[in-house]
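The structure appears right after this line, and notes come after that.
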Amino acid sequence: MKTIHIEDTGAIETIVERVRHEVVLLQLPTVYTLIAAPTREGVEQLNAHKNRLEGKNYGTVLGRADRFLDQARDGEMPKHFNVATRLEDMQGAFIRTVFTDRKFNSSVIREGTHQSLVLDGIHRSLFRHAEESLSDQYDRELWGGCEISNLLCTSANLSGDPLGSITDLSRAEHFSKSRGIGLFVRCQESQHEKGSYPIFEFSGQRVSIRREGPGMEKLIERFPQQLRPVIAA
């Protein structure tokens, strides 16, 4: 297993090249994750590393916010967030919304919806570079007709693990070695909250919390007042 730091010279290029063919373990500030290419091959690789349980779906990491909004179905994003700069403000959260027909399901789409994680800094640089570099791998059948080239992202643990998401280095290293991960990417971790990121689902002018997580209170403050009562309910 090779270990690098995301801020090493050439790290982003190394990660993108490796992820074309294999799963990479990527540390995010609050949790360890697995990333893979946004294709059926990438899904199969993640399934194998995680012993994936049935009925689960994979999210992605956000590259360009405007492209995410282009894929979202008209009228599904609240008007306030149907602007790239405001979607960018939701860093530290997964955003879920409708991308395609509500009857469509796949490993990355659930009842027409998909979720993507918004981060900033060096991770965002990686995600944007990957989105551009993997644009030759559009898999419209997997994505219900959408053109998605964002990296797949999921928690770095066995599916259904009673210990939950991995937030400490020793567990992450054990998982990597035991599951045959070839590339382990470290980063500067958060000194505050740890855990999987919260999930907000956007449906028209309604916003719902699908999972709580680090930074919830600050995230809720970024919503306009008229949406907050729905969130807090």
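Residues take their numbers from the sequence shown, with the count starting at 1. Not measured: the values here are computed from a predicted model.
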(request) May I ask you to decide if Thr97's main-chain N or O and Glu76's side chain share a donor-acceptor pair within less than 3.5 Å? (result) no
(request) Could you tell me whether the side chains of His114 and Thr60 share a donor-acceptor contact shorter than 3.5 Å? (result) yes
(message) Let me confirm one number: the CD-CD1 distance from Gln71 to Ile148, rounded to the nearest 0.5 Å.
(response) 4.0 Å
(message) Is there a continuous path of hydrophobic side-chain contacts, each under 4.5 Å between heavy atoms, that joins Val108 to Val23?
(response) yes
(request) Please report the shortest heavy-atom distance between Pro78 and Val207, naming the atom on each side. (result) CG-CG2, 4.0 Å
(message) For Gly195, is there any backbone N or O sitting under 3.5 Å from a side-chain donor or acceptor partner on Thr30?
(response) yes
(message) Is it the case that the side chains of Ser196 and Ser165 hold a donor-acceptor pair, with the cut-off being a distance below 3.5 Å and no angle test?
(response) yes
(message) Salt bridge check, Arg124 against Glu88: does any charged N sit closer than 4.0 Å to a carboxylate O?
(response) yes
(message) Measuring from atom CG of Asn51 to atom CG of Leu158, what distance do you get when rounded to the nearest 0.5 angstrom?
(response) 5.5 Å
(request) Might you confirm whether atom NE2 of His5 has over 12 heavy atoms from other residues, nucleotides or ligands at distances under 6.0 Å? (result) yes
(request) Could you pull out the closest heavy-atom pair between Arg67 and Glu131, with the gap in Å? (result) CD-OE2, 3.3 Å
(request) Using modelled atom types only, decide if a donor and an acceptor are shared between the side chain of Ser155 and the backbone of Asn157 within a distance under 3.5 Å. (result) no
(message) Whether the side chain of Thr100 engages the backbone of Gly144 through a donor-acceptor N/O pair (distance < 3.5 Å, no angle test) should be reported.
(response) yes
(request) Before giving the answer on ring-ring contact (aromatic ring centres under 6.0 Å, His included), spell out for Phe175 and Phe184 the whole-Å C-alpha distance, their side-chain angles and the decisive distance to 0.1 Å. (result) CA-CA 11 Å; Phe175 178 86; Phe184 187 127; 9.8 Å; no
(message) For a quick test of reading the model, state the closest non-hydrogen atom pair linking Gln27 to Cys187 and the distance between them.
(response) OE1-N, 2.9 Å
(request) Using the salt bridge (Lys or Arg N to Asp or Glu O under 4.0 Å) rule, collect all pairs that involve residues 96-111, keeping only residues at least two apart or in two chains. (result) Arg96-Glu201
(request) Could you list the residues that satisfy salt bridge (charged side-chain N to carboxylate O under 4.0 Å, His left out) with Arg20, not counting sequence neighbours? (result) Asp136
(request) Check Val185, Thr167, Leu117 against Leu28 for a side chain to side chain contact (heavy atoms under 4.5 Å, CB included) and give me the one that passes. (result) Leu117
(message) To the closest 0.5 Å, what do you measure between OG (Ser116) and CG (Leu151)?
(response) 9.5 Å
(request) Measure the shortest side-chain to side-chain distance between Ile95 and Gln115 over non-hydrogen atoms and say whether it is less than 4.5 angstrom. (result) no
(message) If you compare all heavy atoms of His49 against all heavy atoms of Gly180, which two are closest, and at what distance to 0.1 Å?
(response) CE1-O, 4.1 Å
(message) Between Tyr32 and Leu126, is there shared hydrophobic-cluster membership here, with clusters defined by ILVMFWY side-chain heavy atoms closer than 4.5 Å?
(response) no
(request) Looking only at non-hydrogen atoms, find the nearest pair between Pro198 and Leu219 and report the distance. (result) CG-CD1, 3.5 Å
(message) With clusters defined by side-chain heavy atoms of hydrophobic residues (ILVMFWY) lying less than 4.5 Å apart, directly or transitively, does Tyr197 cluster with Met90?
(response) no
(request) Spell out, as yes or no, whether a donor-acceptor pair under 3.5 Å connects the side chain of Arg186 to the backbone of Ile4. (result) no
(message) Any side-chain to backbone donor/acceptor pair from Gln45 onto His21? Under 3.5 Å, distance only.
(response) yes
(message) Taking transitive links into account, so neighbours of neighbours count too, which hydrophobic residues share a cluster with Leu163 at under 4.5 Å side-chain distance?
(response) none
(message) Working note: Thr154 + Thr33, criterion side-chain contact (heavy atoms from CB on, under 4.5 Å); need CA distance, chi angles, decisive distance, verdict.
(response) CA-CA 6 Å; Thr154 186; Thr33 64; over 6 Å; no
(message) Can a donor-acceptor pair be found, under 3.5 Å and without considering hydrogens, that links the side chain of Arg52 to the backbone of Asn57?
(response) yes
(request) Decide whether Leu25 and Phe127 are clustered together by the hydrophobic rule: side chain heavy atoms of Ile, Leu, Val, Met, Phe, Trp, Tyr closer than 4.5 Å, transitively. (result) no
(request) For residues Pro29 and Leu119, report the shortest heavy-atom separation together with the two atoms involved. (result) CD-CD1, 4.4 Å
(request) Quick one: pull up CD in Gln137 and CG in Leu142 and give me the separation to the nearest 0.5 Å. (result) 12.0 Å
(message) Closer than 3.5 angstrom, by distance alone: can the side chain of His192 be matched with the main-chain N or O of Gly215 as a donor-acceptor pair?
(response) no
(request) Supply the atom-to-atom distance His123 NE2 to Arg128 CZ, rounded to the nearest 0.5 angstrom. (result) 16.0 Å
(request) Kindly say whether Arg40 contributes a backbone atom to a donor-acceptor pair with the side chain of Asp139 at under 3.5 angstrom? (result) yes
(request) May I have the step-by-step check of side-chain contact (heavy atoms from CB on, under 4.5 Å) for Tyr138 and Ser149, ending in yes or no? (result) CA-CA 6 Å; Tyr138 286 146; Ser149 58; 3.9 Å; yes
(request) Would you indicate whether the side-chain heavy atoms of Val43 and Tyr58 approach each other to under 4.5 Å? (result) yes
(request) Please tell me if the side chains of Ile181 and Val24 come closer than 4.5 Å, counting only heavy atoms from C-beta onward. (result) no
(request) Decide yes or no for Gln226 and His80: does some side-chain heavy atom of the first lie under 4.5 Å from some side-chain heavy atom of the second? (result) no
(request) Taking atom CD of Glu212 as the centre, report whether more than 12 heavy atoms of other residues, nucleotides or ligands fall under 6.0 Å from it. (result) no
(request) Go through the steps to decide whether Phe81 and Phe223 satisfy the test ring-ring contact (aromatic ring centres under 6.0 Å, His included), and finish with yes or no. (result) CA-CA 9 Å; Phe81 288 107; Phe223 285 82; 5.0 Å; yes
(message) Quick test of your reading: applying salt bridge (Lys or Arg N to Asp or Glu O under 4.0 Å), list the pairs with at least one residue in residues 41-50, sequence neighbours left out, ordered by first then second residue.
(response) none
(request) Give a yes or no on whether the backbone of Gly42 and the side-chain of Thr39 come within a donor-acceptor separation of less than 3.5 Å. (result) yes
(message) Between Leu34 and Ile166, is there shared hydrophobic-cluster membership here, with clusters defined by ILVMFWY side-chain heavy atoms closer than 4.5 Å?
(response) yes
(request) Supply the atom-to-atom distance Arg18 CZ to Lys2 NZ, rounded to the nearest 0.5 angstrom. (result) 6.5 Å
(message) Taking salt bridge (Lys or Arg N to Asp or Glu O under 4.0 Å) as the cut-off, I'd like each qualifying pair that reaches into residues 155-182, sequence neighbours left out, listed once.
(response) Asp161-Arg171
(request) Check salt bridge (charged side-chain N to carboxylate O under 4.0 Å, His left out) between Arg64 and all other residues, then give those that pass, not counting sequence neighbours. (result) Asp66, Glu132
